[in-house]
Amino acid sequence: MRYIGVDVGKRRCQACVMDGEGAVLDKFPFDNTGEGIRRLLEQIGGENCKAVLESTGNLWLRIYESLEGHGVEVKLANPYRTKAIASARIKTDKLSARILAHLLRADLIAECYVAPPETRRVNALLRQRASLVRMRTMVKNRVHSLLDRYGYRPRWRDAFGVAGMRWLKGLEMDPVDRCILDTHLRHMECLNGEVGVLDSRIASHAMESEDALLLMTMTGIDYYGAMLIAGEIGEIQRFPSPKRFVSWIGLCPSLHQSGSSTHLGRMKKDSNRRVRWMLVQAARSASRTDPRMRQLYERIASRQGDAKAVIRVANKMATIIWHMLTKRQPYKQMKEELYRSKLKRMARIAG
C-alpha cells in the first residue's frame with residue numbers, strides 16, 4: 001500500500017508518496033491545473049493507493065474528484081484539527097505533504113466530511129443564492145442611506161415591492177443622486193431576477209428530497225431552509241447523538257473543565273455557520289407561531305433576554321431535527337394547513 005500526502009496550493013501543489021514503513025518513495029510538485037493533475041495521476045498510478053488532501057478553500061475539490069475517479073481512496077484533512085501541521089513552527093509545502101502522508105499511514109487523519117457529488121452541486125446553488133441575497137441587502141441599505149439624506153420615508157412595509165419600486169422611481173432628487181438611485185434600482189431588479197431563477201431550481205430539488213420534505217413539517221422552515229439544512233448535514237448517521245449534532249451546528253457553549261472546575265464560555269466558533277444562521281431565523285419564526293416553542297422562548301426570555309431565548313429555541317429545534325431525520329418521522333406538532341401551504345408555494349416557485 002502506498003500513502004500519498006498532498007499539500008494544496010492555489011497554483012502549485014506538493015505531493016509525497018510513502019510506503020507502509022514510512023519510507024519516502026517519491027516527492028514532486030505539480031500545478032493545480034488539469035495538466036498538473038494528470039501528471040499527478042500518471043506518477044502515482046491508481047492501485048493500492050490512499051491519498052489525503054489538506055482542505056484549503058475549494059482548491060482541493062478538483063484534485064479530490066480526479067483522484068476519486070481514478071480509483072484512489074481519498075480523505076480530506078481538517079487543518080485546524082491536524083495539530084501536527086497547524087502547530088508546526090516550520091511549515092513548508094514539502095514538510096506538510098510528508099506529515100500528511102505519515103498521518104494517513106498511521107490512520108490519524110482528522111477527516112472532513114465530503115458530501116456526494118449531487119449534494120455538492122445542490123449546495124453550490126444554495127450558497128450562490130445566499131451570496132446574491134447578501135448583495136441585495138447591501139444595495140437596499142445603500143438605497144435607505146440615500147433616502148435618509150432627503151428625509152424620504154416609504155409608506156409601505158416593504159419599500160422594494162411593486163408599489164415601493166414605483167414610488168422610488170418617481171422621487172425628486174439631485175441629478176447625481178437620482179442617477180445613483182436608478183443604478184441601485186436596476187441592480188436590485190437584476191438581483192431579484194437571478195434569485196428567482198435559483199429559487200426555481202432549488203424548489204425543484206426540494207420536491208424530490210425526502211429529507212427536505214420531512215424538515216418542512218417543522219414550523220419556521222420552508223423549502224429553502226430545509227434544503228440548506230439537509231444539504232449541509234449530508235448524512236445524519238454521522239452524528240451518533242443529538243448533542244454531537246447541536247455541537248456541530250454551534251448552538252451550545254464552549255466547555256473548559258479542569259479538575260472539579262467547569263466553565264461554560266461563548267458559543268462554539270468551529271461550527272457550521274450556515275445551518276446555525278438558518279436555525280436562528282427559523283427559531284425567531286417558530287417562537288411566534290409554534291405554541292411549544294413560544295412557551296420555551298417566553299420562559300427563557302423572562303430571565304435571560306431575547307437573544308439567549310432564541311438560541312435556546314434553535315438548540316431545541318436542532319435536537320428535534322436530529323430525531324426527525326434519524327427516525328424518519330415528521331414534526332409531532334406539525335400544522336397540516338401550514339404544511340400544505342408550504343408545499344403549494346414550493347410547487348408554484350418550481351414551476
Side-chain angles (χ1 to χ4, degrees), residues 57-58 122-206 219-229 231-232 272-289 297 301 305-311 313-314 338 341-342 344-351:
N58 61 356
V122 176
N123 285 348
L125 285 176
L126 294 163
R127 292 169 186 177
Q128 176 65 6
R129 183 191 183 277
S131 176
L132 292 180
V133 169
R134 284 195 296 270
M135 292 171 62
R136 186 171 64 182
T137 301
M138 180 178 67
V139 174
K140 287 182 178 181
N141 291 338
R142 290 180 177 177
V143 170
H144 281 299
S145 177
L146 197 56
L147 295 179
D148 291 341
R149 188 185 305 175
Y150 287 87
Y152 287 127
R153 295 289 182 271
R155 293 176 295 169
W156 303 271
R157 185 175 182 179
D158 181 10
F160 302 95
V162 176
M165 291 291 282
R166 191 183 304 119
W167 173 72
L168 288 169
K169 292 177 180 178
L171 293 177
E172 294 184 1
M173 291 183 175
D174 176 84
V176 173
D177 288 338
R178 181 69 255 178
C179 179
I180 293 173
L181 180 59
D182 289 339
T183 302
H184 288 326
L185 296 182
R186 287 194 297 271
H187 194 186
M188 178 78 64
E189 290 173 343
C190 178
L191 288 171
N192 285 338
E194 296 304 318
V195 170
V197 171
L198 292 177
D199 277 338
S200 179
R201 293 286 297 273
I202 293 167
S204 298
H205 284 290
T219 307
I221 299 178
D222 65 353
Y223 73 91
Y224 174 76
M227 282 300 292
L228 188 147
I229 294 170
E232 294 292 333
N272 192 300
R273 293 175 295 175
R274 296 182 184 90
V275 177
R276 183 173 68 242
W277 168 78
M278 180 52 65
L279 280 180
V280 168
Q281 302 303 313
R284 288 204 172 275
S285 175
S287 62
R288 295 191 302 268
T289 57
Y297 171 84
D306 170 76
K308 291 186 177 181
V310 170
I311 294 296
V313 172
L338 177 61
S341 175
K342 291 179 183 179
K344 188 175 180 180
R345 177 173 176 267
M346 178 177 64
R348 175 172 54 79
I349 293 174

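In this text, all values refer to a predicted model and were calculated from it rather than measured experimentally.
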How many angstroms lie between atom CZ of Arg274 and atom CD1 of Ile229, to the nearest 0.5 angstrom?
13.5 Å
Sequence-distant partners of Arg178, salt bridge (charged side-chain N to carboxylate O under 4.0 Å, His left out), two or more places apart:
Asp182
Here the gap from Leu185 atom CG to Ile180 atom CD1, rounded to the nearest 0.5 Å, amounts to 12.0 Å
What residues form a side-chain contact (heavy atoms from CB on, under 4.5 Å) with Val162, not counting sequence neighbours?
Arg166
Only counting residues at least two apart or in another chain, list the ones meeting side chain to side chain donor-acceptor pair (under 3.5 Å) with Tyr224.
none
For residues Val275 and Asn272, report the shortest heavy-atom separation together with the two atoms involved.
N-OD1, 3.0 Å
In the structure I gave you, are the side-chain heavy atoms of Ser131 and Arg134 within less than 4.5 Å of one another anywhere?
yes
Let me have the donor-acceptor pairs involving side chains of residues 189-198, under 3.5 Å, with sequence neighbours excluded, atom names and distances please.
{"unit_1": "Glu189", "atom_1": "OE2", "unit_2": "Lys169", "atom_2": "NZ", "d": "2.7"}
{"unit_1": "Asn192", "atom_1": "OD1", "unit_2": "Arg136", "atom_2": "NH1", "d": "2.9"}
{"unit_1": "Asn192", "atom_1": "ND2", "unit_2": "Met188", "atom_2": "O", "d": "3.3"}

Test of understanding: with side-chain contact (heavy atoms from CB on, under 4.5 Å), list the residues that count as partners of Ala203, not counting sequence neighbours.
Tyr223, Met346, Ile349, Ala350
Arg127 meets the side chain to side chain donor-acceptor pair (under 3.5 Å) criterion, sequence neighbours left out, with Glu232
Does the pair Ile311 and Arg276 meet the rule for a side-chain contact (heavy atoms from CB on, under 4.5 Å), with working shown?
CA-CA 9 Å; Ile311 294 296; Arg276 183 173 68 242; 5.8 Å; no
For His144, enumerate each residue passing the ring pair (Phe, Tyr, Trp, His ring centres under 6.0 Å) test, keeping only those at least two apart in sequence or located in another chain.
Phe160
With a 4.5 Å limit on heavy-atom distance, are the side chains of Leu168 and His184 in contact?
no
Pairwise distance CD1(Ile221) to NZ(Lys342) - rounded to 0.5 angstrom:
7.0 Å
With Arg348 via side-chain contact (heavy atoms from CB on, under 4.5 Å) - residues at least two apart
Arg345
Could you name each residue pair satisfying side chain to side chain donor-acceptor pair (under 3.5 Å) that touches residues 277-289, not counting sequence neighbours?
Arg284-Asp306
Atom CG of Leu228 and atom CG of Leu125: how far apart are they, to the nearest 0.5 Å?
12.0 Å
Only counting residues at least two apart or in another chain, list the ones meeting side-chain contact (heavy atoms from CB on, under 4.5 Å) with Ser341.
none
For Arg129, all residues meeting side chain to side chain donor-acceptor pair (under 3.5 Å), sequence neighbours excluded
Asp199
Which residue pairs pass the side chain to side chain donor-acceptor pair (under 3.5 Å) test when at least one of the two sits in residues 149-163, sequence neighbours left out?
Asp148-Arg153, Arg149-Asp177, Tyr150-Asp177
